[in-house]
Each structure stands twice: as C-alpha cells, then as structure tokens.
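Atom set for the values below is all heavy atoms of this structure, side chains included, hydrogens, waters and symmetry mates excluded.
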Amino acid sequence: MNINDRYSAAEPPPDDTADSRERASRLYVHEAGWRISIKRGSVREFCYVMAPDQDYYHRLVDGEIYLHQADERICLSCAVRRGIIAYEPRRLRDEPPIFLVDAGELPLYVPGVDDL
C-alpha cells in the first residue's frame with residue numbers, strides 16, 4: 001500500500017516469469033518423519049537452524065509455514081538449505097537391467113543330434 005492507502009500498480013520483478021513461478025510452486029520433502037504446520041499465535045518459537053552469517057536462532061513468524069519433527073522446528077528456507085525440501089521430485093535411477101541367468105544351467109539344443 002502506498003501513502004494514500006491504495007495498492008500500487010508496480011510491475012512484478014523481471015525474474016518473476018511464469019516459468020519460475022511454476023517451478024517454485026511445488027515443494028517436495030525427501031526425508032521421512034517431517035510434518036508441516038503453520039505458526040499461529042504469539043508463543044515464541046524459533047527455527048532450529050541458524051541462517052548463514054547469523055549467530056542466533058531466528059524466530060518463526062505468525063502465519064509462517066514450517067516443518068517440525070519431535071522438538072525440532074525448521075523454517076522453509078532453512079529446510080531448503082539443509083536439503084530436506086527440494087523444488088524437484090526425486091528421479092528414478094538409470095540403472096541397467098540385471099539379468100539373473102546362469103548359462104551353465106540352460107539346456108543347449110544341438111540340431112541333428114537332439115532331433116532323435
């Protein structure tokens with residue numbers, strides 16, 4: 001809002017394209033055991049991880065989405081840095097097929113000899 005209590009008609013930042021919005025619209029939690037909650041109320045709760053260049057635990061803000069597991073609470077940006085959350089789903093590994101065939105046990109057909 002501006003000084004006249006009206007919303008400004010500012011354009012979105014240049015990197016806010018449809019492609020970047022679509023890529024960032026889905027989050028994936030790759031570690032089991034984490035739950036997602038929304039911080040509500042005025043109870044002081046802190047993120048379990050210190051942000052870079054900070055020597056303190058930052059506070060979770062009312063309405064903020066965070067992950068929790070037991071006593072551990074982590075904001076989304078720290079969860080992304082720690083590798084708990086990703087913007088891409090896990091891909092299947094490209095492993096070659098494994099054939100469990102033992103050539104010594106296969107019967108060998110020899111034309112002319114085994115026809116009898």
Nearest-0.5 Å distance that lies between atom OH in Tyr56 and atom SG in Cys47: 11.5 Å
Hydrophobic cluster membership, Tyr57 vs Ile74, 4.5 Å side-chain cutoff: no
Gap between atom CG of Leu27 and atom CD1 of Ile65 - 0.5 Å precision: 8.5 Å
Close side-chain approach of Glu45 to Arg59, heavy-atom, < 4.5 Å: no
Gap separating the CD1 atom of Ile85 from the CG atom of Leu67, nearest 0.5 angstrom: 4.5 Å
Check: Glu64/Tyr66 side-chain N/O donor and acceptor closer than 3.5 Å: no
Listed once per pair and sorted, the side chain to side chain donor-acceptor pair (under 3.5 Å) pairs that draw on residues 28-40, sequence neighbours left out: Arg26-Tyr28, His30-Arg90, Glu31-Trp34, Trp34-Gln69, Ser37-His68
Val29 with Ile38, same ILVMFWY side-chain cluster at under 4.5 Å: yes
Shortest non-hydrogen contact between Cys75 and Leu60, atoms and distance: CB-CD2, 3.9 Å
Between SG on residue Cys78 and NE2 on residue His58, distance to nearest 0.5 Å: 3.5 Å
